[in-house]
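First comes the structure, then the notes that go with it.
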Amino acid sequence: MLDANRSGTAPIPPPAATPTPPAATPSLLVAAPGPALTPAGPGAATVPVLPRAGWAGRCTRLLLSPYARLSLLLALLAGGAAGVLVCEPQRLLTHGWPPQLGGAAAALVFAAAYGLCTVVFVPRPLLNLAAGAMFGSQVGLATALAGTVLGAGVAFGLGRALGQDALRPLLRGRWLKAADGQLSRHGFRSMLALRLFPGVPFWAANYCAAVSRMGPLSFLLATALGSIPNTAAYAVAGARASAPTSPAFLIAMACVAVPALAGTVVAWRKRHRLRAG
């Protein structure tokens, strides 16, 4: 050391000792309510393990499955059709409304009953004739149109919520695919044509539109506009049913027959395009 100092060089200090890390102390894990914690490896955070779905979860998935909802839709439609057969609403034409129900209240009740009857497959021509016979041409037309839009909306909602997921995978035939593509891509004009040129039953058009990807607003607007001519013709015919040889009755029947014939001709000419699609 003295020689190093005499030569002018500084002494070299000894290397410092490297501190050793403290030993890891075991931590105490306190159980708490909630999902279990499982370590994902050394030094990694714990991962929550969710409990498996039990019997209630399996039942919920079963009840919300597409085929369970389709079964519910079929049960509702069958129950509604049975209710119509039991209640026999056609007796209103012979016995009339209850005496305490008249005026605007009777029109509202008839519109609601009209809509529910169309949901369960009651033909619209009979309901339109009844509206004209009971309320006259103008009020009968307004009542029948309100019932038409109401029934179409209810049927569309039921079909879209309960039947679309189960029925769309079954659209495998050429005709079914072509009809679905036409309604999905050109919903408004396709539904407007179906309403203007009768031929397809009202309830069938409603549920076909519900299974397709048509928008609800386009469906309701096309239904309201396209149903005016046909509904007006039937309402006038119902109001003039007591005079079947009157000019108004004959013109109304012609307005019913001509669009039906035109729709048949158009469908026959377009059959090759549908088949190719």
Side-chain angles (χ1 to χ4, degrees), residues 65-78 80-81 115 117-128 145 147-231 233-234 255-277:
S65 64
Y67 290 103
R69 285 180 287 157
L70 179 61
S71 301
L72 176 60
L73 175 61
L74 296 177
L76 290 175
L77 296 180
C117 287
T118 58
V119 174
V120 293
F121 318 126
V122 176
R124 276 186 68 247
L126 298 179
L127 298 172
N128 293 333
L145 279 178
T148 296
V149 176
L150 174 63
V154 172
F156 185 89
L158 288 175
R160 179 63 58 90
L162 300 178
Q164 186 186 45
D165 293 338
L167 293 177
R168 281 201 66 82
L170 303 179
L171 301 177
R172 299 176 181 176
R174 182 179 300 176
W175 284 73
L176 292 177
K177 288 183 178 180
D180 175 68
Q182 184 70 21
L183 290 174
S184 299
R185 292 190 300 267
H186 312 289
F188 177 80
R189 70 183 187 186
S190 299
M191 187 54 56
L192 186 66
L194 287 176
R195 303 309 191 194
L196 286 173
F197 304 106
V200 178
F202 183 74
W203 59 268
N206 294 337
Y207 291 113
C208 288
V211 175
S212 73
R213 303 188 187 279
M214 179 189 299
L217 293 180
S218 299
F219 170 76
L220 292 177
L221 183 59
T223 297
L225 294 177
S227 300
I228 292 176
N230 187 265
T231 305
Y234 276 108
C255 292
V256 171
V258 170
L261 181 60
T264 302
V265 172
V266 171
W268 178 260
R269 296 185 62 181
K270 298 292 184 181
R271 72 189 189 281
H272 298 295
R273 182 180 300 178
L274 251 179
R275 189 177 301 171

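Sequential numbering from 1 along the given sequence is applied to the chain's residues.
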Any Asn230 side-chain heavy atom under 4.5 Å of Arg195 side chain: no
Main-chain N/O of Ser212 paired with Arg160 side-chain donor or acceptor, under 3.5 Å: yes
Derivation of the side chain to side chain contact (heavy atoms under 4.5 Å, CB included) call for Phe219 and Asn206: CA-CA 9 Å; Phe219 170 76; Asn206 294 337; 3.3 Å; yes
Rounded distance [0.5 Å steps], CZ in Phe188 versus CG in Leu220: 11.5 Å
Straight-line distance of Met191 CE to Cys208 SG, nearest 0.5 Å: 8.0 Å
Side-chain touch Leu171/Val211, heavy atoms, less than 4.5 angstrom: yes
Nearest non-hydrogen partners of Gly115 and Thr118, listed with the distance: O-OG1, 2.6 Å
Heavy-atom closest pair, residues Ala233 and Cys255: CB-CB, 3.9 Å
Val119 and Leu77, any side-chain heavy atoms less than 4.5 Å apart: yes
Rounded distance [0.5 Å steps], CG in Leu167 versus CZ in Arg69: 10.5 Å
Straight-line distance of Ser227 OG to Leu194 CG, nearest 0.5 Å: 10.5 Å
Side chain to side chain contact (heavy atoms under 4.5 Å, CB included) partners for Ala257, two or more places apart: none
Atom CZ of Arg213 with >12 non-hydrogen neighbours under 6.0 angstrom: no
Nearest heavy-atom neighbours spanning Leu70 and Gly163: CD1-CA, 4.2 Å
Atom pair CG/CG of Leu145 and Leu225 - distance to nearest 0.5 Å: 10.0 Å
Whether Trp203 and Phe121 hold their rings parallel, tilted or perpendicular, with breakpoints at 30° and 60°: perpendicular
Smallest separation among heavy atoms of Ala152 and Phe202, with atom names: CB-CZ, 3.8 Å
Closest non-hydrogen atom pair between Ser190 and Leu183, with its separation: CB-CD2, 3.9 Å
Distance, nearest 0.5 Å, that separates CG of Asp180 from CZ of Arg185: 8.5 Å
